[in-house]
Amino acid sequence: MTITLTKNRTGLSLLEIIVAIAIASVVMGAVVTFMGRVIHFKGTADTIKGFEKIEDAFEVLYRENVRHVEENCGGWTNPACAALAILPSVDDDDKSGRTLMIYTGSDAVVSAFREANCTLSGGSPLFRATCMDGYGSDYTFAAMNEHATGTVYLNGYNRTPYSVTITAGGNTSMTDTWTSGYLDSEYMV
């Protein structure tokens, strides 16, 4: 008769624990890397969508202020409309370029900027707006050929359209330039 002695094992060896920790750390590293990429891609997609919504808000501002001036004032220098500007300007007091000055009395314009994830302060006819990109930072703005309040809008006649360059704060390599050229062409017709 042969007697076999067996040893009762109730725990894990040190080698088995080390292997399990190594496997878990590799899996967790992959998950963290994947989640970082997903968050970056979501921020990029939200920022691009934000560019489009801000541009839509610029167009609503242009159309609403032109409509208001044509229906109520007969011109930009009329005192009833002297506080309006056809497009936003960059706030001179904010050296960072993050704040837009919006001159309007239209609720549609206010709604369009809020829909574009912009925070508005002030009241009609002057609002200050800061807009947040998909990364949770503020967009910065740089404008050319701004229309000052109380002046005739001549950009369409001069063929020098208003333009604004929008830069994402969370990813400064993401920029977009919007121009009023197509709106000026409609307006001049």
Side-chain angles (χ1 to χ4, degrees), residues 34-71 84-149 153-156 158-189:
F34 175 74
M35 290 306 294
R37 288 185 180 172
V38 167
I39 290 168
H40 175 75
F41 288 139
K42 182 180 180 336
T44 300
D46 288 348
T47 299
I48 292 169
K49 193 182 309 179
F51 284 143
E52 294 167 0
K53 288 186 177 200
I54 291 170
E55 290 173 356
D56 290 345
F58 288 167
E59 184 173 337
V60 170
L61 175 64
Y62 187 105
R63 291 184 188 282
E64 284 292 309
N65 282 358
V66 165
R67 181 192 58 74
H68 182 80
V69 167
E70 288 176 350
E71 290 177 2
L84 300 179
I86 200 164
L87 289 163
S89 59
V90 178
D91 187 357
D92 292 332
D93 294 336
D94 179 12
K95 300 302 180 201
S96 67
R98 293 185 174 132
T99 306
L100 289 175
M101 306 292 283
I102 301 166
Y103 301 92
T104 189
S106 169
D107 291 336
V109 172
V110 172
S111 295
F113 275 94
R114 285 194 174 129
E115 189 175 308
N117 203 20
C118 297
T119 303
L120 298 175
S121 62
S124 181
L126 173 60
F127 295 92
R128 285 182 166 77
T130 56
C131 307
M132 191 175 294
D133 66 13
Y135 299 99
S137 299
D138 290 336
Y139 288 103
T140 56
F141 302 94
M144 300 277 299
N145 302 320
E146 295 174 324
H147 174 225
T149 60
Y153 184 70
L154 295 174
N155 292 12
N158 297 337
R159 300 287 183 228
T160 54
Y162 172 86
S163 67
V164 61
T165 300
I166 310 165
T167 304
N171 182 352
T172 55
S173 66
M174 293 184 70
T175 63
D176 189 29
T177 300
W178 180 84
T179 181
S180 66
Y182 68 100
L183 292 170
D184 290 337
S185 296
E186 284 180 20
Y187 182 51
M188 294 304 122
V189 172

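Along the sequence shown, the residues carry numbers beginning at 1.
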Between F58 and L100, is a side chain to side chain contact (heavy atoms under 4.5 Å, CB included) present by the stated rule, with each step listed? CA-CA 11 Å; F58 288 167; L100 289 175; 3.9 Å; yes
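- No side-chain heavy atom of V60 sits less than 4.5 Å from a side-chain heavy atom of F113.
- The aromatic rings of Y162 and W178 stand perpendicular to each other, their planes meeting at an angle above 60°, with 30° marking the opposite boundary.
- Checking side-chain atoms of D133 against main-chain N and O of G170 turns up a donor-acceptor pair under 3.5 Å.
- D94 and T99 form a side-chain donor-acceptor contact under 3.5 Å, judged by distance and modelled atom types alone.
- Between E70 and R67 no salt bridge is recorded (no basic side-chain N to carboxylate O distance below 4.0 Å).
- In this pair, F51 and Y139 present their aromatic rings tilted. The plane angle is within the 30 to 60° band.
- E146 and S89 form no side-chain donor-acceptor contact under 3.5 Å, judged by distance and modelled atom types alone.
- Between the side chain of D56 and the main chain of A116, no donor-acceptor pair closer than 3.5 Å is present.
- Of the possible polar contacts, one joining the T47 side chain to the G134 backbone as a donor-acceptor pair under 3.5 Å is found.
- No side-chain heavy atom of L87 sits less than 4.5 Å from a side-chain heavy atom of H147.
- Between the side chains of T165 and T177, a donor-acceptor pair is found at a separation under 3.5 Å.
- In this structure, F34 places its CZ atom where only 12 or fewer heavy-atom neighbours from other residues, nucleotides or ligands lie under 6.0 Å away.
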